[in-house]
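Structure record follows, encoded as structure tokens.
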Amino acid sequence: MSEYHFEYTACDSTGSRWRVAVPHSPGLCTSLPDPVKGTECSFSCNAGEFLDMKDQSCKPCAEGRYSLGTGIRFDEWDELPHGFASLSANLEVDDSISESTENCTSSKWVPRGDYIASNTDECTATLMYAVNLKQSGTVNFEYYYPDSSIIFEFFVQNDQCQPNADDSRWMKTTEKGWEYHSVELNRGNNVLYWRTTAFSVWSKVSKPVLVRNIAITGVAYTSECFPCKPGTYAAKQGSPFCKLCPANSYSNKGETSCHPCDADKYSEKGSSTCKVRPACTDKDYFYTHTACDAQGETQLMYKWAMPKICGEDLEGAVKLPASGVKTRCPPCNPGFFKTNNSTCEPCPYGSYSNGSDCTHCPAGTEPAVGFEYKWWNTLPSNMETTVLSGINFEYKGLTGWEVAGDHIYTAVGASDNDFMILTLVVPGFRPPQSVVADTENKEVARITFVFETICSVNCELYFMVGMNSRTNTPVETWKGTKGKQSYTYTIEENATVSFTWAFQRTTLHETGRKYTNDVAKIYSINVTNVMGGVASYCRPCALEASDLGSSCTSCPAGHYINRDSGTCHLCPSNTILKAHQPYGAQACVSCGPGTKNNKIHSLCYNDCTFSRNTPSRVFNYNFSALAGTISLAGAPSFTSKGLKYFHHFTLSLCGNQGKKMAVCTDNVTDLRIPEGEAGFSKSVTAYVCQVVIIPSEVMGYKAGVSSQPVSLADRLVGVSTDMTLDGIVSPVELFHLETSGIPDIVFFFRSNDVTQSCSSGRSTTIRLRCNPMKPAPGTLRLPSMCSDGTCDGCNFHFLWESMAACPLCSASDYHTFVSSCVAGIQKTTYVWREPKLCSGGISLPEQRVTICKTIDFWLKVGISAGTCTAILLTVLTCYFWKKNQKLEYKYSKLVMNATLKDCDLPAADSCAIMEGEDVEDDLIFTSKKSLFGKIKSFTSKRTPDGFDSVPLKTSSGGPDMDL
């Protein structure tokens with residue numbers, strides 16, 4: 001054995017170097033060979049060769065060994081290879097969470113034999129490798145990246161620790177198992193980074209990223225060849241790589257060939273050992289049905305599960321049950337007919353069937369095309385099945401699902417953690433014309449399937465959807481045993497769509513068949529409006545007259561079809577049309593309170609106005625100032641590893657002809673794709689949507705990470721002051737009570753998304769509250785007791801306080817004050833009532849000034865008028881008093897005359913003036929004349945001899961005589 005080895009010195013500025021001998025133990029040997037001039041620094045050997053340092057020439061690798069020529073390869077991951085480092089860090093910069101760093105210490109890349117697996121939590125795990133390249137080279141590796149909730153990036157830093165400015169650092173999720181990735185490397189020092197961070201802040205656990213077969217070229221020379229790892233071999237010299245051993249064989253390290261396993265043992269492809277075959281049990285076979293024969297019969301067949309690893313001849317082994325039992329074939333699926341040789345063929349367009357014979361659609365009808373699979377004698381031509389290994393995540397040439405008459409079920413895999421995959425591909429859709437015209441309600445078609453899972457351990461059934469060959473996106477997951485039930489998914493984009501069902505019996509990383517009785521069954525699959533589909537029934541259509549007779553045509557948007565006449569009729573105002581069932585007037589559904597239909601009768605919306613009637617007045621509202629989108633973030637939350645995140649909401653309330661304005665995007669996808677391909681990213685457009693935000697200062701990326709967008713409101717149900725509408729409740733106790741006397745206006749929304757936890761879909765209420773202290777747009781709040789906007793995960797509630805939520809101002813909202821008349825001027829002033837609980841509407845009238853008379857003028861007029869009135873009253877009083885006196889005198893005369901008429905003339909002395917009497921006084925008193933009358937008597941009735949003349953009547957009532 002040599003006591004020394006050869007190495008090259010560092011390259012000088014001219015690109016040359018020297019070969020020197022280096023002792024294995026310094027100082028223990030002498031007489032070392034002298035240095036000699038080495039090969040050029042750029043010298044390299046081809047793949048399959050190594051540089052023999054003794055004579056500095058390239059020689060082929062021996063059998064059982066390989067080389068990359070100028071590179072190194074890492075394909076064994078029983079432990080972390082020399083030179084690699086696995087680091088972990090917590091993204092959270094908030095030092096208040098003391099346990100954060102400790103929680104992430106175990107979140108690293110983990111070697112697992114054939115590959116290395118990433119972490120699955122919100123910590124950042126980094127796999128590093130530093131290499132010095134003597135010339136430009138490449139790094140290439142295989143990776144398996146199935147879960148988009150993890151960010152996976154690969155990048156390289158150079159001598160100046162500057163990363164390569166390449167968009168390809170963001171890896172794309174893998175669609176079909178392992179994918180190959182290659183990056184060019186520059187000469188000099190290069191540090192390679194594989195970095196992952198998961199963002200599944202909800203209960204879902206992400207699937208790890210797997211990396212294997214890392215190869216780096218450009219190290220200039222390889223002084224030795226590497227031995228083939230166990231399970232591989234190199235049969236000839238100069239091999240650039242080693243081949244895998246076939247199944248039922250094995251090899252040790254550095255082998256030139258594989259050794260067959262003994263008869264009682266087996267092995268899988270690429271195995272280093274053989275395992276003892278177990279005795280066959282009923283878990284090692286499955287049943288299926290043959291295609292129908294010419295007599296319309298099918299045979300029940302039993303098959304060993306492949307690969308067959310059990311032994312039939314061992315003690316206690318079961319035999320494969322006898323096959324060949326014949327039964328009548330199930331009928332064809334709807335839309336198909338049975339041919340003479342008992343195969344099922346699709347009915348031509350314009351006809352329909354229930355699975356037997358095709359029938360032409362009657363006049364005035366058209367076929368409702370789609371696919372309805374409910375009989376499973378053979379797998380339909382547009383469906384395929386396979387198995388994805390749960391161990392090395394490679395696709396196997398196996399059948400994952402088997403037909404069983406009235407259902408299709410998961411077959412037995414090579415291992416219980418294999419994924420049994422069933423895929424249905426639909427080329428496109430033909431939705432009704434009214435649906436095409438509708439830009440908001442994007443239901444193009446829908447898929448409904450009935451399924452059942454029977455599990456004894458932690459099985460999972462995944463339903464995934466892929467658009468235009470893009471990555472399958474998991475839509476729903478069912479864990480454990482689920483009774484027979486139906487699930488419906490709405491397709492919102494007219495594209496080539498693949499629907500995938502994947503069933504995994506257990507997630508445990510162990511091989512074997514222990515739980516083969518755990519199965520998933522699908523009883524029926526129904527897809528509507530399929531391009532090139534078949535029909536199980538015909539639906540009425542609108543008729544269009546032509547030279548050849550009448551033919552079907554599409555009604556204009558918003559029109560329903562009269563079943564009897566086949567004519568189109570416009571839906572009444574304030575109704576919307578059931579676009580997928582537009583038959584009869586009952587297809588027009590009334591809009592909710594406070595809403596009206598758009599032009600094509602496809603949705604009900606609120607035009608940002610509202611009216612509320614009370615016995616005293618009508619309150620009108622205008623929410624135009626609230627028509628734009630508004631965002632709100634909930635309180636910060638922290639995962640178990642201390643990662644801070646927010647629930648971020650975006651709302652669009654009203655207006656815009658019902659167009660949904662709130663957009664939430666998953667930019668975890670955006671980070672991985674080149675500029676200009678944003679259509680790949682997943683975004684949600686709704687009236688209200690929610691997304692999980694991880695702030696940019698936490699991530700260290702240019703923008704914050706947003707993931708898991710969810711629609712909370714796809715349809716406006718109505719606007720009302722009531723607390724309940726159409727089964728949606730807006731509990732007033734979630735927010736502090738309104739005290740202004742103006743009731744809250746509540747917008748009620750529903751979402752189309754139906755999940756296992758929200759079987760009726762999600763609902764959202766936005767409570768508008770008048771607050772004059774908050775100018776538009778005001779403030780948006782979440783319930784204090786439910787910081788994420790919901791207390792049950794299905795019903796979301798918001799309070800929007802704003803001046804714009806107050807009713808429009810009217811004449812009832814201000815006081816009128818009239819001033820006194822000053823200097824002939826009077827002012828009328830208008831003042832808002834306090835507190836002012838209105839906004840917009842009429843403006844406060846300007847102050848009004850009028851000319852008026854002062855109080856002094858009117859006082860003079862009043863005194864003058866009063867004086868005149870008093871004089872007039874005095875004169876009238878005197879006048880009527882005089883008239884009364886005359887009446888009394890006349891009355892006394894009448895009494896006297898009546899008395900004289902009844903007796904004799906009195907004696908003369910009784911009429912004479914007695915001695916001492918004043919004749920004038922008596923006469924004046926008797927006549928009782930007024931002052932004016934007395935004056936008149938003295939002036940007019942005094943005779944020349946000085947006596948008064950008094951008129952007297954005779955007793956007989958004759959003419960008066962003057963005495």
Side-chain angles (χ1 to χ4, degrees), residues 112 117 120 144 146-147 149 177 200 202-208 210 278 281-288 303 305-307 309 376 379 383-396 398-404 406-424 447 449-465 472-487 489 499-525 754-757 759:
R112 289 188 176 172
T120 57
Y144 178 69
D147 198 334
S149 64
S200 185
W202 290 339
S203 59
K204 177 175 168 286
V205 177
S206 304
K207 290 182 172 57
L210 310 181
T281 68
D282 57 359
K283 294 180 171 58
D284 291 305
Y285 64 83
F286 63 95
Y287 66 91
T288 184
K303 296 181 180 180
M306 300 303 293
I309 61 174
W376 304 92
L379 198 66
M383 298 180 75
E384 61 181 25
T385 177
T386 185
V387 176
L388 174 67
S389 169
I391 301 172
N392 58 18
F393 296 94
E394 291 183 337
Y395 283 91
K396 304 177 180 179
L398 301 176
T399 299
W401 294 69
E402 288 288 346
V403 295
D406 63 345
H407 67 274
I408 183 172
Y409 75 103
T410 50
V412 179
S415 178
D416 285 336
N417 58 4
D418 287 349
F419 292 90
M420 320 305 287
I421 294 175
L422 177 69
T423 302
L424 166 65
I447 179 172
F449 58 92
V450 178
F451 70 98
E452 176 184 24
T453 58
I454 303 170
C455 300
S456 58
V457 285
N458 57 337
C459 72
E460 293 185 354
L461 175 64
Y462 304 89
F463 174 60
M464 299 173 285
V465 178
N472 278 337
T473 302
V475 173
E476 189 63 272
T477 304
W478 295 270
K479 296 183 179 182
T481 299
K482 298 293 180 184
K484 192 173 181 180
Q485 58 187 274
S486 172
Y487 178 80
Y489 174 77
F499 303 102
T500 302
W501 294 264
F503 180 72
Q504 187 181 32
R505 290 180 168 88
T506 177
T507 57
L508 300 176
H509 193 75
E510 58 185 46
T511 60
R513 296 172 180 153
K514 295 169 59 179
Y515 310 112
T516 56
N517 289 331
D518 294 5
V519 296
K521 298 180 180 180
I522 295 178
Y523 293 92
S524 65
I525 301 174
V754 176
T755 62
Q756 294 180 68
S757 55
S759 58

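Everything quoted here is computed from the prediction, not taken from an experiment. These numbers come from the heavy atoms of this one structure, side chains and all, not from hydrogens, waters or symmetry mates.
- Nearest heavy-atom pair, Glu402 versus Phe286, reported as atom, atom and distance to 0.1 Å: OE2-CE1, 3.2 Å.
- Here Glu384 contributes atom CD and Thr500 contributes atom OG1; the two are 8.5 Å apart, rounded to the nearest 0.5 Å.
- Checked by atom type and distance alone, the side chain of Asp416 pairs as donor or acceptor with a backbone atom of Lys514 at under 3.5 Å.
- Here the OG1 atom belonging to Thr288 is positioned 6.5 Å from the OH atom belonging to Tyr409, to the nearest 0.5 angstrom.
- Between the side chains of Asn458 and Thr506, at least one donor N or O sits under 3.5 Å from an acceptor N or O.
- When all heavy atoms of Trp401 and Phe503 are compared, the pair lying nearest together is CZ2-CB, 4.3 Å.
- In this structure, OG1 in Thr477 is found 8.5 Å from CE in Met464, a value given to the nearest 0.5 Å.
- Judged by distance alone, the side chain of Thr453 and the main-chain N or O of Lys482 form a donor-acceptor pair under 3.5 Å.
- Not less than 6.0 angstrom separates the ring centroid of Phe499 from the ring centroid of Phe449.
- Checking each of Ile522, Val519, Thr385 against Thr410 for a side chain to side chain contact (heavy atoms under 4.5 Å, CB included) leaves exactly one that passes, namely Val519.
- Between the side chain of Arg513 and the main chain of Lys283, no donor-acceptor pair closer than 3.5 Å is present.
- The distance from atom SG of Cys455 to atom NZ of Lys479, rounded to the nearest 0.5 Å, is 12.5 Å.
- For the atom pair Thr423 OG1 and Trp501 CH2, the distance stands at 8.5 Å (nearest 0.5 Å).
- Ring geometry for Trp478 versus Tyr487: interplanar angle over 60°, hence perpendicular rather than tilted (30 to 60°).
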Inset, instruction - Any chance you could lay out the side chain to side chain donor-acceptor pair (under 3.5 Å) test for Asn517 and Ser456, step after step, and finish with the verdict? - result: CA-CA 8 Å; Asn517 289 331; Ser456 58; over 6 Å; no

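- The shortest heavy-atom contact between Gly413 and Asp418 is C-OD2, 3.9 Å.
- Gln504 CD to Leu388 CG: the interatomic distance, rounded to the nearest 0.5 Å, is 9.0 Å.
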